[in-house]
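Residue numbers begin at 1 in each chain, while the letters A, B, ... track the order of the sequences.
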Number of protein chains: 2
Amino acid sequence: MGTKYTGNASEVRALDAYIKLMRAAESVTTRVSRSLQPYDLTVSQFGILETLMHLGQQHQNDLGEKLLKSSGNITLVVDNLEKRGLIVREKCLEDRRYVWVKLTSDGDKFIRDLFPKMVTIITESMIVLSPFELEKLGEYSKQVGQNAQKQCAKAS
Amino acid sequence: MGTKYTGNASEVRALDAYIKLMRAAESVTTRVSRSLQPYDLTVSQFGILETLMHLGQQHQNDLGEKLLKSSGNITLVVDNLEKRGLIVREKCLEDRRYVWVKLTSDGDKFIRDLFPKMVTIITESMIVLSPFELEKLGEYSKQVGQNAQKQCAKAS
DNA sequence: TTTTATTAAATTGATATTTAACTAACAAAT
DNA sequence: ATTTGTTAGTTAAATATCAATTTAATAAAA
């Protein structure tokens, strides 16, 4: 939606901010994605590994909620990470509907090495803004995100 | 990346803003996607129709650049819109490497009717912010987006 | 002119993503 | 305890997405 829209003023403002927000997110995601390529990792795979590293073993359900992805999607991405030996699935004994997903020792080493590199990449993209501006960008984004989510709960 | 990262201060700020930016974009996209569902339209399909409505016929190449998508992706999405009779391809006579993509009269009617509805949806998500805040969100997003793109040109 | 290089689009192979079934396991309630 | 409902995960079908390759057409250079 790269074109000027001639509706009422508040729609024009909302649409303009929306377009810029989306482009920023897409551009940074592309940058991250390219940086993960040498490691044969997708952004989604990285997200799961990073979550497991910081929060420890998780149910697939929790991963889906934290990463805003559908359950079917988590199943597939976990499949691919498991094939590669970076994570393992383990039946939950207390409630056998659940599956624990945990890092293997290979996976743990891998993500602990990779994560700081990605932080650097992301910082390079964001650092054009001052600390104050970063703070405000985060604050405004959070409000928009929460509002949009309120209007539309994710499928599971 | 929903977890606190304990690197240096500027990395923490950058990462925090990044996470909120990404979540906002994902949440609004989900909202838009759900709203397009009754019309059997994806966000990408909507993007192409909207671009054609506002800018007139385009080469596939131009669509890819404007929408930040790969050429292979544009080929597929244009395929699906063409099957549905909303757009047509037309060989460019001056330079036969190019293909013109244009709205059919059905497609034109369709997108002219749909676009204002989507503007309303988007506005509903963004309007939690004041005019000033929307302005700033757009400005900061634009800077981040441009910076990220400078660091990483999209594939074509 | 013939070769070389570039560009647009299509194709292929792999992963992602969602929705909509579907199965399995647990919980509640009469 | 059986039915009823809910929840976690899987599977299938459709679309999306990219990178890499290929094909066709144009441009540049020798």
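- Distances shown here put every side-chain N or O of Gln37(A) at or beyond 4.0 Å from the OP1 or OP2 atom of dC18(D).
- Taking CD from Glu65(A) and OG from Ser71(A), the interatomic distance works out to 10.5 Å, rounded to the nearest 0.5 Å.
- Out of dC18(D), dT11(D), dT19(C), the shortest distance to the side chain of Arg34(B) is found at dT19(C).
- Side-chain N/O atoms of Thr51(B) and Gln58(B) include no donor and acceptor closer than 3.5 Å.
- Contact annotation for Thr42(B): backbone-only contact, meaning every heavy-atom pair under 4.0 Å involves sugar-phosphate atoms and none involves a base.
- Between Glu139(B) and Lys20(A) there is no salt bridge, since no side-chain nitrogen of the basic residue lies less than 4.0 Å from a carboxylate oxygen of the acidic one.
- The CZ-C1' distance, from Phe46(A) to dT15(C), rounds to 18 Å in whole Å.
- Considering only side-chain atoms of Ser71(A), the nucleotide from dT10(D), dC18(D), dA25(D) that sits closest is dT10(D).
- Along DNA chain D, the nucleotide nearest to Leu93(B) and the one nearest to Leu76(B) differ in position, and the one closer to the 5' end is contacted by Leu76(B).
- Atom-to-atom, NE2 of His59(A) to P of dG9(D) comes out at 7 Å; the value is rounded to the nearest Å.
- Under the 4.5 Å side-chain criterion, counting only non-hydrogen atoms from C-beta, Asp79(A) is in contact with Arg89(A).
- Rounded to an integer number of Å, the gap from CD of Glu90(A) to P of dG9(D) is 14 Å.
- Note on Asn80(B): a side-chain N or O is less than 4.0 Å away from OP1 or OP2 of dA16(D).
- Side-chain proximity of Asp95(A) to dC26(C), dT17(D), dA9(C): nearest is dC26(C).
- At a threshold of 4.5 Å between non-hydrogen side-chain atoms, the residues Phe115(A) and Val119(A) count as touching.
- In this structure, the separation between NZ on Lys136(A) and CG on Leu134(A) is 12.5 Å, given to the nearest 0.5 Å.
- Contact between the side-chain N/O atoms of Lys69(A) and the OP1/OP2 oxygens of dT18(C) is not found at any separation under 4.0 Å.
- Among dA16(D), dA25(C), dT10(D), the nucleotide with an atom closest to any side-chain atom of Val77(B) is dA16(D).
- The phosphate of dA10(C) (OP1 or OP2) has a side-chain N or O of Arg89(B) nearer than 4.0 angstrom.
- Counting to the nearest Å, the C1' atom of dA16(C) and the CD atom of Gln60(A) are 15 Å from each other.
- At the phosphate of dT10(D), OP1 or OP2 sits under 4.0 Å from a side-chain N or O atom of Thr75(A).
- Phosphate proximity of dC26(C) to Arg96(A): present, with a side-chain N or O under 4.0 Å from OP1 or OP2.
- Side-chain contact of Asn8(A) with Ser10(A): a donor-acceptor pair under 3.5 Å is present, judged by distance alone.
- A straight line from CD of Glu65(B) to P of dA9(C) spans 10 Å, rounded to a whole angstrom.
- Rounded to whole Å, atom P of dA8(D) lies 8 Å from atom CG of Asp62(A).
- Protein atom CG of Asn61(B) is 13 Å distant from nucleotide atom C1' of dA10(C), rounded to whole Å.
- Nucleic acid contact class of Asn73(A) (heavy atoms, under 4.0 Å, all strands): base.
- Between Ser33(B) and Ile74(B), it is Ile74(B) whose nearest contact on DNA chain C lies nearer the 5' terminus.
- One interatomic measurement links the two molecules: CG of Asp79(B) to P of dT12(C), which rounds to 12 Å at whole-angstrom precision.
- The shortest distance between side-chain heavy atoms of Leu86(B) and Gln45(B) does not fall below 4.5 Å.
- Taken residue by residue, residues 97-104 of chain B places heavy atoms nearer than 4.0 Å to DNA chain C at Arg97(B), Tyr98(B), Val99(B).
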